[in-house]
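Just so it is clear, the model here is predicted, and its values are computed rather than measured. We name chains A, B, ... by the order of the sequence lines, and we start the count at 1 in each one.
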There are 2 protein chains.
Amino acid sequence: MDLSARTAEQIGEAIRRTRKARGWTQSDLSGRTNLRVATISSLENGDAGTKIATLLTVMAALGLEFRLVVRGESVEIEDIF
Amino acid sequence: MDLSARTAEQIGEAIRRTRKARGWTQSDLSGRTNLRVATISSLENGDAGTKIATLLTVMAALGLEFRLVVRGESVEIEDIF
DNA sequence: GCTCCTTTTACGGCGGAGCGTAAATTAAAC
DNA sequence: GTTTAATTTACGCTCCGCCGTAAAAGGAGC
């Protein structure tokens, strides 16, 4: 799974898809993160006002991490150096 | 360029590196985004309280996008950092 | 129809982000 | 070391996220 995102909506969708791929409800995620169900809901619905801390907490619970990629560049290892 | 991040500090560092790779100052970024220099400064310094909207605005100005990847699934190149 | 589970929305409260603006600290040149 | 550029920090202000808690709306199945 490798989801690109440039908007809060796309981030939320990636979170939601990963959560469902884990077979978890928002309530499950809430229990694992100490974040309110309401908070997770608005994050998944693309609220750009959500704090980075909240996003990172959810991503950690889902086993996700970021890659900040320059648009248009491929992720070829040869391009690193 | 491909920077992995699991923490706000790593995100901030990736932002700063990309900005400098563009030869821009925080003031330049501020002008391109209508965000205060102070806001950009705290983002680059790893403030997890920063809003996703702010991060996305800065990333768009820098030509960056996210990739949310499942940890361990693809090639780990985070050690570039 | 009616349950049960899940998700969304609401409200008072508090804390903090980003604004406008400015000053202070740090780094870089000369 | 002194000027200049760059970054960080501060203050009053407004806005809103997340909290605790609860209720309402949506969906799946019987």
Find every protein N or O atom lying less than 3.5 Å from an N or O atom of nucleotides 3-5 of chain D, and list the pairs.
none

Could you pull out the protein-nucleic contacts involving nucleotides 25-27 of chain D (nitrogen or oxygen on both sides, under 3.5 Å)?
none

Scan nucleotides 21-23 of chain C against the protein and return all N/O pairs shorter than 3.5 Å with their distances rounded to 0.1 Å.
none

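Within residues 46-58 of chain A, the residues that place at least one heavy atom under 4.0 Å from DNA chain D are, in residue-number order, Asp47(A), Gly49(A), Thr50(A), Lys51(A), Thr54(A).
Side-chain atoms of Leu35(A) lie closest to dC19(D) of the nucleotides dC19(C), dT8(C), dC19(D). The side chain of Arg19(B) sits closest to dT7(D) out of dT7(C), dT7(D), dC19(D). Among dT8(D), dT7(C), dC18(D), the nucleotide with an atom closest to any side-chain atom of Gln26(A) is dT7(C).
Sorted by first then second residue, the side chain to side chain donor-acceptor pair (under 3.5 Å) pairs that include residues 48-60 of chain A, not counting sequence neighbours, number zero.
Note that CZ of Phe66(B) and CD1 of Ile11(B) are 5.5 Å apart. Values are rounded to the nearest 0.5 Å.
Minimum interatomic distance between Thr33(B) and Val58(B) (heavy atoms only, all atoms of both residues): CG2-CA, 4.5 Å.
Every residue meeting the side-chain hydrogen bond (donor to acceptor under 3.5 Å, both in side chains) condition with Gln26(A), not counting sequence neighbours, appears here in chain and number order: Glu44(A).
Regarding Leu43(A), its CG atom lies at a distance of 14 Å from the P atom of dT9(C), rounded to whole Å. Put simply, CH2 on Trp24(A) is 19 Å from C1' on dC5(C), counting in whole angstrom units. Across the protein-nucleic acid pair, Asn45(B) atom CG and dT7(D) atom P stand 11 Å apart, rounded to whole Å. When the P atom of dC5(C) is taken as reference, atom NZ of Lys20(A) falls 17 Å away, rounded to whole Å. The distance between atom CG of Asn34(B) and atom C1' of dA17(C), rounded to the nearest whole Å, is 17 Å.
Within the 4.0 Å cut-off from OP1 or OP2 of dT6(C), not a single side-chain nitrogen or oxygen of Arg16(A) is found. Side-chain N/O atoms of Ser41(A) include none lying less than 4.0 angstrom from OP1 or OP2 on dT9(C).
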